[in-house]
Amino acid sequence: MELVEERPHRFRIDRRGRMRVPGVVFASRALLRDAEKSLEQVVHVATLPGIVAASYAMPDIHWGYGFPIGGVAATDVDDGGVVSPGGVGFDISCGVRLLAADVDRQALEPALPAVMDALDRAIPRGAGPGGVWRSIGPRQLERILRGGSQYAVAEGYGEERDLGRCEDGGAVADADVGQVSERARERGLGQVGSLGSGNHFLEVQQVDEVYDETAAAAFGLAAGQVCVMIHCGSRGLGHQTCTDHVRVMDRAMSRYGITVPDRQLACTPVESPEGQAYLGAMAAAANYGRANRQLLSDAARRIFRRTAGARLSLVYDVSHNLAKIETHPVAGVPRLLCVHRKGATRAFPPGHPDLPEDLREVGQPVLIPGTMGTASYVLAGVPGGDAFFSTCHGAGRVMSRHQAARAIGGKELRTRLEAQGIAVRPRSLRGLSEETPEAYKDVGAVVAASEGAGLCRTVARLVPLGVVKG
DNA sequence: ATGTAC
C-alpha cells in the first residue's frame, strides 16, 4: 500500500480504481507495521456510495469486520449516502465511562482490598447471562431500549447530573424497538448491567499524571485522585442486532444497484427502509449499552460509599462504536452526514453547542481505555475538526487470543500484576491471560500519535490500582 | 466483541 506522508502523523492513500475519495491515515510508521490488511479495508470503505472527504483511519487501526477498527467514514444522506452495520461494529455503542472519587489513592489504600472484594461479588461479567437487572420482563427491556441511561436514572440507579455528562444526554434519540429482533431481545433480557468479556473491564484507577491542568480541573480530575473506569458495550443484544441487519442489507443491496468490494461492507442508502430500520435498531442497542454502563456505575457507587465512604461523580460517558446523523461542512458547504465511527471516539472541540456548559470552554472529555495493567488516558477535543471531530479509542490487538494465552499463564500473569501493586479480580484465569498487556499495542504511542495528528490533546494519564475482568 | 458456529 502506498502511503504519502502529508505531514507528521498524517498519511494519504491516493484514489485509484473504484475509490470515490482518498484514504487518510493518522498514525506513525511504527504503528502501521503489519497493518496492510486493515489499510486495504480503508481502501474498500473509500468505494462506498455517498462517502465524502476521505476514508479515515485512527492510529489504533486494526483489522475488523469489513471496516477497519479505528475507522471513520461519513456519507452524504441527501446524495445516496449509505449506512453500513459493519461501519459500527458488532458491539454497538461499546464505550467508556469515567467516574471521579472524592478521595485520593492514599486515603483509599486501607479500604482498597475490601472495595475490590465487593466489586468482585457485585459486578456481573464473563460470557453468557448475568446482570445487575437479571430478571426483567419484555416491557422493561423496551424501556431500556428507548431510554438508555435516562431510564436507569429514572429508576433510581444514578443522579440527574449524570445525564448531562453522557453523550446524547444518556439516550440516543429515535430508537425503533420494533427493529430489534425477538432473538436479540431474548439474549438481552438476562444481561442488563453486565461487563462482558475480552478487553472490557471495570478498573479502580488513580490519576498518575496531569498534562493539562485547566482541562483536568474542568473535568474534576487532579493528580493522585482515585477514579473508576468502566469499558463495556451492548452484549449479546447488540451483537445479534448487527447480525440481523447485516443479513437484511446483504440481501437488499443489489436492489439499490450497490456493489461493494467485500460482502462485509453490506449497506443500503440511509434513507432506504433497510437503512432506517438499522439506524432505529442501532439506537435501541446503543441505549442498552448506555443503561449497562449506568447500572454498573451505580453498583460501583454503592460499594465505594459503603466500603470506603467515598462518593463517585461522573466525568463523562462516550461511545466508540456508533453511526450518527450529524451536520458538517463538506468543501465549505454544510451537509447532513451519516458519520460511522468504529473504534473511534467523537471529540467535540471547545465551544461546541452540544457540550454541557461547564465543559464548553475546554472541549469534550475523551476516554481511552488502556490494556489491563497499563495506563488509560483522558483526552480533550480540539479545534480543527479533522475526521468530523473524531480521535482514537484505545490500543489494538497485536497477538491473537490463542497466542496471548500461550505466551503467559493466568496464574503467572496475576502474580505479575499483583507484584506491580495491581489488585486483580478475574472471572477466569484463561480470560486474564488472553488480555495480557503484550497482546496489545502501546496505548501511549496511540495517544501520542493522535495528539500529533491534531485530533485531540492529552489531559491526564490514569494507572490501575485494581482490575475487575470477565 | 459474541450463548468464541447455523
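So that the names make sense, note that chain A is the first sequence line, chain B the second, and so on, each numbered from 1.
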Please find out if less than 6.0 Å separates the ring center of A:His231 from that of A:His320.
-> yes
Atom-to-atom span, CD of A:Gln240 to P of B:dT2 - whole angstrom | 13 Å
Does the side chain of A:Arg401 get closer than 4.0 angstrom to OP1 or OP2 of B:dT4 through an N or O atom?
-> no
Under-4.0 Å salt bridge between A:Asp354 and A:Arg346 | no
Looking across every strand, which nucleic acid part, if any, lies under 4.0 Å from A:Gln191 by heavy atom: base, sugar-phosphate, or nothing?
-> sugar-phosphate
A:Arg235 CZ to B:dT2 C1': how many Å, rounded?
-> 8 Å
Interatomic distance where CZ belongs to A:Arg125 and C1' belongs to B:dT2 [whole Å] | 18 Å
Heavy atoms under 4.0 Å, any strand shown: does A:Gly233 hit a base, just sugar-phosphate, or nothing?
-> nothing
Starting from C1' on B:dT2, measure out to CZ on A:Arg183 and report it in whole angstrom.
-> 12 Å
How long is the line joining CG of A:Asn321 and P of B:dT2, in whole Å?
-> 11 Å
Find the distance A:Glu434:CD to B:dT4:C1' and express it as a whole number of Å.
-> 9 Å
Rounded distance in Å - CZ (A:Arg247) to C1' (B:dC6) | 8 Å
Presence of A:Ser197 side-chain N/O under 4.0 Å of B:dT2 phosphate oxygens OP1/OP2 | yes
Geometric cation-pi criterion A:Arg341 and A:Phe389, 6.0 Å radius, 45° cone = no
Select from A:Gly198 and A:Ala127 the residue whose nearest nucleotide in DNA chain B is closer to the 5' end of that strand.
-> A:Gly198
Nearest whole angstrom, please: distance from the P of B:dT4 to the CD of A:Glu435.
-> 17 Å
A:His200-A:Asp91 side chain donor-acceptor pair, cut-off 3.5 Å | yes
